[in-house]
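All remarks here apply to the structure that follows.
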Amino acid sequence: MSTVELRDLRRTFGSVVALDNLDLDIRSGEFVSMLGPSGCGKTTALRIVAGFEWPDSGAVIVDGQDVLGQPANKRNMGMVFQSYSLFPNMTAQQNVEFGLRVRKQSHERRAKRASELLDLVGLASAMSRYPRQLSGGQQQRVALARSLAIEPKVLLLDEPLSALDAKVRVQLREEVRRIQLELGITTLYVTHDQEEALSISDRVAVMSAGRVEQLGTPAQIYSGPRTAFVANFVGTMNKLEGVVMSSEDRVVSCGPIKVIVPDPTFIHAVGENVELYIRPEDVAIELLPVGGSPAPGYFEGRVTSLTFLGPVTRVGLRTDIGALLADVSSAVALNLAADAPVAVQLNASSLRSLDASPESQSAPVS
Amino acid sequence: MALSEIAEAGHRTDVLAGTKPRKQARNRRWAFLGVVPFFAYIAVFLLIPTGKLIVGAFTTTTGAFTFSNIASIFHAPYPAAFEFSVELSALSALWGGIMGFLVANAVLHHGVPRWVRPAYLSFSGMAANFAGIPLAFAFTATLGNLGVVTILLKHLGFNIYPSFSLQGLLGASLVYLFFQFPLMILLMIPVIEGLRKEWREAASNLGATSFGFWRHIGLPVVTPSLLGLMVLLFGNAFSAYATAYALGISNLVTIQIGQFINGNNVFAPQDAYALAFGMIVIIVITIIIYTLLQRRSSRWLK
Ligand SMILES: Nc1ncnc2c1ncn2[C@@H]1O[C@H](COP(=O)(O)OP(=O)(O)O)[C@@H](O)[C@H]1O
Ligand SMILES: [Mg+2]
């Protein structure tokens, strides 16, 4: 097992800054995802690690050694591409054996290893099929087996599931994680799908404009986003605009309602305009009887939209403090209709204020 | 033949790139109307002449059935003409194919500046059509008996004549190469572009060198197209007439047939039909050989 450190990587393409002094440490046996919107530099970073791309400056350190001087075919890294990477003229088995064939291993050992790996990815029955005869999901399984065959130091995956159907995608991502845990292989996974990143990673590096915006466990990223970018990119956020009423008690007035910001580091002068954030699941609503008025702690709103998301329904609201989204159990949402009056309550302990501007946050790791 | 082969080569690139044929649902009933002119054209200018040619090859001037026309192409000078036609076509297809493949690869190398490609394509498009009198003249002026290169080499102590001549197999194939190899570049570029970047990178990632990639993936994948294009080059050379005529080569099948058309050979007009029929037979045999090779080399495409 290996450790990987990306040190101060910078890469520009003409005037485009693809990587802006990116730092990222991956511990031995850890599964780290780089999560970010298209164009934020994820692929560039991964390709630099693999040796298909070079940084203008910085270093890639594997097990304490800078590998930038080594060509891709000497780095012993397993790479899984987005799609169509299987050699079309070889069967699944021959594809998996390829790396071992290059390493001049004997026929028997190659065949044994290929069948073990195809077994591991659940494709033992398809070993003599050509890529054209495999579904997209099966092709990616073979690609995974192929990259693992060489017992790589590091496994690199660049949006390996993004070309697949939703169902297969979910199924396969769990298998990727199961296999990773089983082999204990250090893994760097690239995706733009937050759900995917949160569900299978030990840690997630949220990226924006060529740098890591926040690095943390999925729970830390989801419930403790440190910037507005992370908050908005991971999950959905409501934004409230308010004015600071009391600096000491952290009271903010958002239109007619007052809230107390729980974060003790929230220090702003009275009268300052601030932005507060709250997740839809932290906004509660209750149906208001006709002519009724909201109980203390609640304020009035009207339903503008209902989006069924399975167990929960996302309710769009028009309120005195602006448009809000609230997630309620779908059973409860059955009683709601467009324009229905509701009482709205914010779960005050979940309110947070965030830096709007990205800051450098490469958290040091042990 | 040329058209269908080009279409076929193009189709194969599609397969490599992983695209699927689109389904056509609407207006299926009347869709065939659009191709009627094409088939009419084919019928009038290809099927009818071919039919007449085949009938002519087996009938006497008075219209009776005979094998004597066919028998006559086994007598001098025709067998030698067939032999030289096949040799010249095969050699120029082989040279042109290999060189075109290598150059197309070089042009597409990622280290080559982008503007080189369109420039090369334009040049190739022009060169592929540079044939006939101007081409023959260009070579006569350079490598002919009194050509500048010939004389230059003579001054340097290399007397290439008389063992070399532009009418011989080597000389003529060199001239043919001039239009064969640009054509190969034009047709090979899309084939090489069909080799996905992911394949090269995956191979490298798994430890293979560039040579390893070509040996195990690149060459096996392009071989079916490469064979197809070499057959196309063969046909291209086999049916060439003007260049050979201008060079003064007489022992080619097309030149022999031309003599009948020009009225220079009035003794046995039916022999022209038999010769043309012989050409068709050779092309058919070539295509059969190609199909067999192709089937072996593209099992994975099925
Ligand atoms: N070879 C290249 N030439 C020019 N620009 C590039 C190249 N590769 C990447 N870029 C640019 O660098 C930025 C980051 O790209 P990329 O790493 O592919 O992002 P991501 O994988 O996160 O979508 C983008 O703006 C992209 O256009
Ligand atoms: Mg990408």
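In the text below, chain A, chain B and the rest are named by the order of the sequence lines, each starting its count at 1. Side chains included, hydrogens not; waters and symmetry mates left out as well; all remaining heavy atoms used.
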Would you give the length of the straight line joining atom CZ of A:F81 to atom CZ of B:R196, rounded to the nearest 0.5 angstrom? 11.0 Å
For B:R215, does the CZ atom have more than 12 heavy-atom neighbours from other residues, nucleotides or ligands under 6.0 Å away? no
Heavy atoms only: give me the nearest B:P220-A:N89 pair and the separation to one decimal. CB-ND2, 3.2 Å
Atom CZ of B:F130 with >12 non-hydrogen neighbours under 6.0 angstrom: yes
Looking only at B:R200, B:E198, B:E201, most heavy-atom pairs under 4.5 Å shared with chain A are made by B:E201
Give me the atom names and distance for the closest heavy-atom approach of A:S85 to B:W199. O-CD1, 3.4 Å
How far apart are the C-alpha atoms of B:L206 and A:F87, what are their side-chain angles, what is the distance that settles it, and do they pass the side-chain contact (heavy atoms from CB on, under 4.5 Å) test? CA-CA 12 Å; B:L206 292 165; A:F87 306 134; 4.2 Å; yes
OH of B:Y41: more than 12 outside heavy atoms within 6.0 angstrom? no
When heavy-atom pairs shorter than 4.5 Å are enumerated against chain B, which of A:V80, A:N76, A:L86 gives the highest number? A:L86
CD (A:E174) with more than 12 external heavy atoms under 6.0 Å: yes
Segment of A:T91 engaging chain B (4.5 angstrom heavy-atom cut-off): neither
Heavy-atom closest pair, residues B:V221 and A:P88: CG2-CG, 3.7 Å
With a 4.5 angstrom heavy-atom cut-off, is it the side chain or the backbone of A:R146 that approaches chain B, or both, or neither? both
At what distance, to the nearest 0.5 angstrom, does CZ of A:R75 lie from CG of B:N205? 10.0 Å
Identify which part of A:L100 has an atom lying under 4.5 Å from any heavy atom of chain B, answering side chain, backbone, both or neither. neither
